[in-house]
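Below is one structure, written out as structure tokens; the observations come after it.
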Amino acid sequence: MMGSHRQSSMFRRRWAKFKANKRGYYSLIIFSILFIISLGAEFVSNDRPFLIIYEDQFYSPFLKSYPETTFGGDFDTEADYRDPYILKKITSNGNRAFFPLNPYSYASINPNLDVPVPSVPNRENLLGTDDRGRDVLARLIYGFRLSILFGLSLTVIGTLVGILAGAIQGYFGGRTDLFFQRFIEIWGSMPELYLLIIFSSIFKPSLLLLLVLLSMFGWMGLSDYVRAEFLKSRNLDYVTAAKAMGVGDATIMFRHLLPNGMTPVITFLPFRMSGAILALTSLDFLGLGVPPPTPSLGELLAQGKSNIDAWWLSLSTFTVLVGTLILLIFIGEALRETFDPRKV
């Protein structure tokens with residue numbers, strides 16, 4: 001009971017210390033709001049209505065496909081909700097359709113353009129279109145969500161593997177530590193980019209393939225910090241007493257030693273996530289990332305490079321990418337100051 005109260009009190013002190021860092025605190029709020037909005041991207045930017053009330057029946061086209069005949073059309077194919085004929089059907093006689101604020105999805109093309117693509121920003125496409133006539137704003141929203149989710153996944157996997165590897169090395173030491181260190185030296189010297197190129201040519205490119213390949217190398221940096229913390233703490237009196245009482249190694253490692261060694265893990269999380277986002281963006285820019293038409297910040301940057309005159313492609317993508325990384329860096333700096341034992 002006292003331990004729980006002590007941990008709660010420590011959490012409150014650290015949270016108050018984090019809030020005192022205004023730059024990191026407000027960066028966390030802004031990043032959280034943007035991420036939550038992107039999670040509901042289908043409600044913000046979509047070429048399908050998120051709700052249709054037709055003849056007292058409710059339909060959700062962004063969750064399920066409906067044929068034209070459902071709304072009085074002539075064909076059994078999927079309804080095109082931007083077709084004036086279908087749109088008139090679902091909005092006449094008291095029927096209603098609720099469209100998102102931006103009526104484009106990441107793969108939908110604007111067929112009404114009267115200028116060559118990529119087209120400049122206008123009222124229909126607030127940030128213009130790319131070289132295929134797709135709405136840039138929609139691709140930024142979906143691409144931002146994809147980048148954040150990929151960064152979170154890669155960070156979580158790399159952190160878990162790094163903690164496990166570092167904990168085993170630091171706790172057992174000796175030959176176990178020596179073997180792991182030599183393995184890390186060999187594994188870390190492998191050409192990661194060449195492996196990505198080879199696997200991309202053998203297997204069909206996918207987000208899962210990228211996640212697996214990058215996770216194979218993304219754990220090594222963190223394992224060194226966890227190893228150092230365990231090496232420093234494994235011979236302390238309370239660890240020796242726990243061993244004498246017959247407490248298992250796993251319990252000592254993850255219940256007693258790990259909480260004391262979590263400071264470097266937590267403080268490095270935002271920086272590791274920003275590195276994962278940059279890795280995905282770089283691979284997409286080089287054409288080694290996710291397959292088309294998956295929305296990607298790196299693919300938009302590559303289009304901006306190929307279309308120098310289309311300034312809106314590079315500028316909007318650069319703003320989103322740099323803004324995201326700045327927010328994560330500010331959060332990471334605030335966490336580092338919060339958990340710094342030298343700053344009470």
Side-chain angles (χ1 to χ4, degrees), residues 1-37 39 148-149 151-171 218-219 221-243 245 247-277 323-344:
M1 195 72 176
M2 288 185 62
S4 176
H5 177 73
R6 191 182 304 114
Q7 290 179 357
S8 176
S9 176
M10 182 181 297
F11 174 79
R12 286 195 299 268
R13 288 198 305 272
R14 285 178 172 172
W15 176 244
K17 191 176 179 181
F18 180 83
K19 289 179 66 176
N21 188 314
K22 299 300 182 183
R23 188 171 62 183
Y25 177 63
Y26 288 119
S27 295
L28 177 62
I29 293 176
I30 295 172
F31 179 81
S32 300
I33 292 173
L34 293 176
F35 180 49
I36 292 172
I37 291 175
L39 288 178
I148 299 301
L149 291 176
L152 279 173
S153 302
L154 187 59
T155 300
V156 169
I157 295 173
T159 300
L160 292 177
V161 176
I163 288 175
L164 181 61
I168 293 175
Q169 287 179 256
Y171 181 77
W219 56 273
L222 183 64
S223 66
D224 292 337
Y225 293 98
V226 178
R227 169 180 173 269
E229 292 292 329
F230 273 68
L231 282 173
K232 181 176 66 177
S233 304
R234 66 174 184 156
N235 292 323
L236 294 178
D237 292 340
Y238 74 93
V239 177
T240 305
K243 289 181 179 179
M245 295 173 62
V247 179
D249 291 332
T251 303
I252 296 174
M253 290 169 61
F254 297 107
R255 182 176 295 180
H256 301 292
L257 290 178
L258 183 59
N260 297 326
M262 285 297 289
T263 297
V265 175
I266 295 174
T267 54
F268 275 102
L269 286 179
F271 300 105
R272 292 178 61 81
M273 186 172 172
S274 62
I277 294 173
T324 302
L325 297 180
I326 289 175
L327 290 175
L328 288 172
I329 289 171
F330 286 165
I331 294 170
E333 289 178 349
L335 284 174
R336 186 168 56 191
E337 292 183 7
T338 300
F339 286 89
D340 191 346
R342 297 170 298 179
K343 298 181 180 180
V344 181

By side-chain hydrogen bond (donor to acceptor under 3.5 Å, both in side chains) - contacts of [X] (at least two apart):
X    : answer
R227 : D177
D224 : none
Y25  : none

### Task
Please name the pair of heavy atoms, one in L222 and one in G158, separated by the smallest distance, quoted to 0.1 Å.
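Reported closest heavy-atom pair: CD2-O, 4.4 Å.
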
Mind checking what makes side chain to side chain contact (heavy atoms under 4.5 Å, CB included) contact with [X], not counting sequence neighbours?
X    : result
K243 : Y171, V239, I252
I157 : V161, L211, S215
T251 : V247, R255, H256
L160 : V156

Are the side chains of [Y] and [X] in contact, using a 4.5 Å heavy-atom criterion?
X    : Y    : result
Y238 : L257 : yes
M273 : L152 : yes
T324 : I277 : yes

Q.
Applying salt bridge (charged side-chain N to carboxylate O under 4.0 Å, His left out), can you list everything that pairs with K19, at least two apart in sequence or on another chain?
A.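 K19 satisfies salt bridge (charged side-chain N to carboxylate O under 4.0 Å, His left out) with no residue once adjacent residues are dropped.
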
Using salt bridge (charged side-chain N to carboxylate O under 4.0 Å, His left out) as the criterion, list what pairs up with R14, not counting sequence neighbours.
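Expected list: none.
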
[atom2] on [Y] to [atom1] on [X], rounded to 0.5 Å:
X    : Y    : atom1 : atom2 : value
S153 : L149 : OG    : CG    : 6.5 Å
I148 : T155 : CD1   : OG1   : 9.5 Å
T267 : I331 : OG1   : CD1   : 13.5 Å
T240 : M245 : OG1   : CE    : 13.0 Å

Sole residue of E337, R336, E333 in side chain to side chain contact (heavy atoms under 4.5 Å, CB included) with N21:
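Answer to the side chain to side chain contact (heavy atoms under 4.5 Å, CB included) test with N21 among E337, R336, E333: E337.
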
ask   = Between R272 and G221, is there a donor-acceptor pair closer than 3.5 Å when you use the side chain of the first and the backbone of the second?
value =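 Such a contact is absent between R272 side chain and G221 backbone.
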
List for me each residue that meets ring-ring contact (aromatic ring centres under 6.0 Å, His included) alongside [X], sequence neighbours excluded, and say none if there are none.
X    : value
F271 : none
Y225 : F268
F31  : none

Count the heavy atoms belonging to other residues, nucleotides or ligands that lie under 6.0 Å from CZ of F18, then report whether that count exceeds 12.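 Enclosed.
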
